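One-based numbering along the sequence shown. Model, not experiment: these values are computed from the prediction. Computed from heavy atoms alone, side chains included, the values below leave out hydrogens, waters and symmetry copies.
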Amino acid sequence: MSSAGPDSDPPAPLPPDAPAPLRLLWARWRAVAVYHPPTLDDFPFDSLVVESPGLAVLKRETGSRGRVDYRFVAVGPDHLRNTGVDLPQRPLSDLVHPRLLPQVMEAYARIFEQGEPHYWEFANAVYGAPHVSYQRLLAPLFEPDGTVTHAIGSWCWRDD
């Protein structure tokens, strides 16, 4: 995570017309980051998903062969409604079209390795799902030792 104090406020990684749930997540993440690296405890999913039904939490996992993947561990109801795919406990690598997988995995790896939020506008990212277009902000959540093991994200679909 880049060092930022109360007097510094980096520009949001969002376009000016980003949907309100993405702006809300950015504001909350920044408000916490001014004082300490944001953690999973700073973002109580069950209460936040009420106002942001496109919210999701992912966990970074390393398999026995050293392959890194990202598992959806908490998912708001808008994901199923917009994609038709039940995401809880599904690894990201099972959800993305094989041709897009390297690009998507690289973007997620940067979030977890660099500790910085990432905005993405994308279309049809869930393999086998109907065509969808969405905007997403994914923000890292830190452990006490400074590693990022989880990320919280907000997705907003174009048809919403």
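In terms of the side chain to side chain contact (heavy atoms under 4.5 Å, CB included) criterion, residue partners of Ala109 (sequence neighbours excluded) are, by chain and number, Tyr70, Glu113. When the side chain to side chain donor-acceptor pair (under 3.5 Å) test is applied to Arg71, the partners found at least two apart in sequence or on another chain are Glu61. Applying the side chain to side chain donor-acceptor pair (under 3.5 Å) test to Arg110 and every residue at least two apart in sequence or in another chain returns Glu106. With sequence neighbours excluded, no residue satisfies salt bridge (charged side-chain N to carboxylate O under 4.0 Å, His left out) with Asp42. Considering only residues two or more places apart in sequence or on other chains, Arg67 meets the salt bridge (charged side-chain N to carboxylate O under 4.0 Å, His left out) condition with Asp69. The side chain to side chain contact (heavy atoms under 4.5 Å, CB included) search around Pro19 returns Pro21, Leu22, Gln135, Cys156, not counting sequence neighbours. The ring pair (Phe, Tyr, Trp, His ring centres under 6.0 Å) check on His118 picks up Trp120, with sequence neighbours excluded. Take Val57 and apply the side chain to side chain contact (heavy atoms under 4.5 Å, CB included) test, not counting sequence neighbours, and it matches Leu40, Phe45, Val73, Ala74, His150, Ile152.
To the nearest 0.5 angstrom, Leu87 atom CG is 11.0 Å from Asp94 atom CG. Atoms CG and CZ, on Leu58 and Phe72 in that order, are 4.5 Å from each other to the nearest 0.5 Å. Expressed to the nearest 0.5 Å, how far CG of Leu92 lies from OH of Tyr108 amounts to 5.5 Å. To the nearest 0.5 Å, atoms CG (Leu48) and CG (Leu24) are separated by 7.5 Å.
The aromatic rings of Tyr134 and Trp155 sit tilted, their planes meeting at an angle between 30° and 60°.
The side chain to side chain donor-acceptor pair (under 3.5 Å) analysis of residues 43-58, with sequence neighbours excluded, yields the pairs Arg28-Glu51. Evaluation of the salt bridge (Lys or Arg N to Asp or Glu O under 4.0 Å) test over residues 147-156, restricted to residues two or more places apart or in two chains, returns none. Residue pairs meeting the salt bridge (Lys or Arg N to Asp or Glu O under 4.0 Å) criterion with at least one member in residues 134-153, sequence neighbours excluded, do not occur.
The minimum heavy-atom distance between Pro140 and Val148, with the atom names listed, is CB-CG1, 3.7 Å. Nearest heavy-atom pair across Trp157 and Asp78 is CZ3-CB, 3.6 Å. Residues Val32 and Pro38 come closest through the heavy atom pair CG1-CA, 3.7 Å. When all heavy atoms of Pro77 and Val49 are compared, the pair lying nearest together is CD-CG2, 4.0 Å. Between Leu101 and Ser93, the shortest heavy-atom distance links the atoms CD1-CA, 3.7 Å. Nearest heavy atom pair, residue Tyr119 against residue Leu137, reads N-CD1, 4.1 Å.
Counting heavy atoms from C-beta outward, Arg90 and Val75 have side chains that stay 4.5 Å or more apart. The side-chain heavy atoms of Phe43 and Leu141, taken from C-beta on, include a pair separated by under 4.5 Å.
Remark: the backbone N or O of Ala18 is paired with a side-chain donor or acceptor of Arg23 at under 3.5 angstrom.
A chain of hydrophobic side-chain contacts below 4.5 Å, direct or via other Ile, Leu, Val, Met, Phe, Trp or Tyr residues, connects Val96 to Val85.
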